[in-house]
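We name chains A, B, ... by the order of the sequence lines, and we start the count at 1 in each one.
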Amino acid sequence: MTAVTARPTASRRRFNGAGKPWVPYLFVAPFVLLFLVFLVSPIIVAVWNSLFSQQSSGLGFGGTTTAFVGLDNFARALSDQDFLVSFGRVALYGLVQVPVMMFIAATLALLFDSALVRGRRFFQFAAFLPYAVPGVIAALLWGFLYQPSVSPLIQALSSIGVDANLLAPGTVLWSIANVSIWSYTGINMIIMFAALQAIPREIYEAARIDGASDLRIAVGIKLPMIAPAVLLTTLSSIIGTLQLFNEPQVLKNVTANISSDYTPNMAIYAASTLGKDPNLASAMAVILGVATLIVSVIVLRLNNRTTKRASDGL
Amino acid sequence: MRLTTRTARVAAMALAGAFAVTGLAACSTSDDGGSAAADGEPVEIDFWGWVPGLEDLVAQWNDENPDIQVSFHRMTGDDGQKVEAAVDAGAGPDLVQLSTHNLPDYVIAGRVQDITEYVADDESNYTASSWASVSFDGQIYGVPQGIGPAATMYRTDILDEYGIEMPTTWDEYVDAARELHEANPDVYIANMSPSEIGQWSQEIQQAESSWYGIDGDSWTVGVNDAGSQLVAERWQTLLDEGLVTTEQVWTPEYWALVNNGTIATVTYAAWFPSLLAENAADTSGQWAIAPMPKNAGSDNSGDSGGAAVVVLAGAENPGAAAEFASWLNGSDDTQEALITVGGLFPSTVNGLASEALLTESEFYGGQVINEVFIESAEQTPATWVDGPNYGTAQTAITDEFAKVVNGDLTFLEALDNAQAITVADLEDRGLNVSE
């Protein structure tokens, strides 16, 4: 009992930082350590590996040697037509999927923030629930709904005369997008909703006195004020798009129209596991990492320019 | 690859209800690899495999051999893909079951041990083609464990209904496909799965072709050789005339088509009949098995590859490990269990002679189905050679075939593309390739 009451004073003394400039570093040390071990060092290893290649000679039964090949692996990756096409594919996917998802998420967030919705908690929970379903399971679930002979969805469409093929070469990309939208709209909605809740209500009252309609308030006041949250969710969605893997990799099992290098991440996986070339895969991973960095910087710049004032709060 | 993905699929089907998930299955490795035989201490061997019932055989061995104690880990999901990383990190098991298609890569990368001195005497008990699949450059790198001779499972009720005889040649097969589809547009003779490479390679073997070959000090690559072109033209005809479905095998959609009588025949390896019986239980008694259709002027049958048990690089007691592998796969003690419980089609002389192989199957109308597979095994030419980087060849073919099924390429063009990809990959690794 005495020990418990004594602790606060003791700790207050111990963590008094005056004259101990190393104390803050002590606090960030666990983060820095994990950051170095699990983020920085794998990147260094990947870059290092990408500069080498396993080489055999003749029939290869003499064993392999590791040779320094400079940027050869990068040249191989960048001259691989299918790998480049996979970037174009996720770019097209992102251009459609991210705006659609953001639109739905923002609309839902604004609806839940307004006084229009009854049973708000329930509907919010329902919209968020798919996010709790692991990505692989979500893709499995939708995989069933995409297969004509086992899908009630397609059978229902067929009974009203619509012949839908959701796994055809031209449509399968959007079937994947549908899974992602289903999975991630909820979390984006929650982040935007939280931002909306933080806006002082007096602003709306002032707007209403000035004669603004609910729609006008939503578009003219609420959206600009949650711009930082929209930026955050958009950025993470774009990064998620470039990293697209789970959904297509699972749906690949039900359709031949998803190739082994359908997305950059799948191409990296195929190169390392099926092609057994970890060095090439490392080079491809570095390329993907750089591409992600470039896209993120561009998005941040664009946003800074257009919503300069709002972003300052981020 | 084929056998491992099959187990992965079976496991995933059990988990997810129907189709495979890459990377779903988790596993735990048992503690460190074999320890040296200290005085009086038993040698400890770690063994990873996927055949049903191996636990009991391992227990039997451990009872009879106190000096060599084996611990068994059942492989599920993507365990097969972990093996290489585990070996490279020095944390692999001593023994692992492996698709023979992948063995050349293991040999080239130095991940398996040469066990010639321990198992050379076993040769006479194994079929020629299975023994060839574990031998490279005169050295033995594993003990065969099962092969996959092909035959055709067909719906007797459907063929009877339209008065069609089960075809014995591929020419008759194409004619039967036309007749069947004309009689009932909802019935197709077969499914051409662009991703199920074993169904392709068994016909390549039947045509005495091989994706790989050895010419002196160089590899040859024959993904688009004459035999492959023969098979390509056959399936191109069936595809162009709309006589086959093109679903992926193992999907709920595929099994739905099998169950509702859309697909009339399935030509596949000796391990397929039990999976068919499991996944289409309601059609019991409506199936029979016949030899796979033949090419004109040839009695050849085909095989989609088998498995082997290999001693990995990190094993400290290769002799003890090889001794166990040799007992497990070749001894009289184990054949019956491997056939009945394991569902293996034996690669051994004593296994092929086992009475356990000749049981009647209710699902197949009381037929002794293995008689067909035994004949198929005897008619399979030993011309197939596995080569390096089988995974790349397989992925290339799968991806290109998807474009064929979509109508973007012909099979012949797809084979040319896959050939180019495979050759380029071997050359990138510094291997000699002669064209």
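Distance OG1/T251(B) to CG/L251(A): 12.0 Å, rounded to 0.5 Å.
With a 6.0 Å radius and a threshold of 12 heavy atoms from other residues, nucleotides or ligands, W174(A) has its CH2 atom above the threshold.
Heavy atoms of D72(A) lying under 4.5 Å from chain B are absent altogether. In this structure, no portion of Q139(B) lies under 4.5 Å from any heavy atom of chain A. In this structure, chain A has heavy atoms under 4.5 Å from both the backbone and the side chain of D217(B). Only the side chain of D105(B) has a heavy atom closer than 4.5 Å to any heavy atom of chain A. When heavy atoms are compared at a cutoff of 4.5 Å, T255(A) approaches chain B solely by way of its backbone atoms N, CA, C and O. Using a 4.5 Å cut-off between heavy atoms, Q54(A) contacts chain B through its backbone alone, with no side-chain atom that close.
For the set N432(B), L426(B), T398(B), the count of heavy-atom pairs under 4.5 angstrom toward chain A peaks at N432(B). Of the residues considered (G58(A), G275(A), G60(A)), G58(A) shows the highest number of contacts with chain B, using heavy-atom pairs under 4.5 Å.
Neither side chain, N265(A) nor T263(A), offers a donor N or O lying under 3.5 Å from an acceptor on the other. The closest side-chain donor-acceptor pair between Q236(B) and T410(B), if any, does not fall under 3.5 angstrom. A donor and an acceptor atom, one from each side chain of Y93(A) and S180(A), are located under 3.5 Å apart. For the 3.5 Å distance criterion, the side chains of N191(B) and T245(B) qualify, holding a donor opposite an acceptor.
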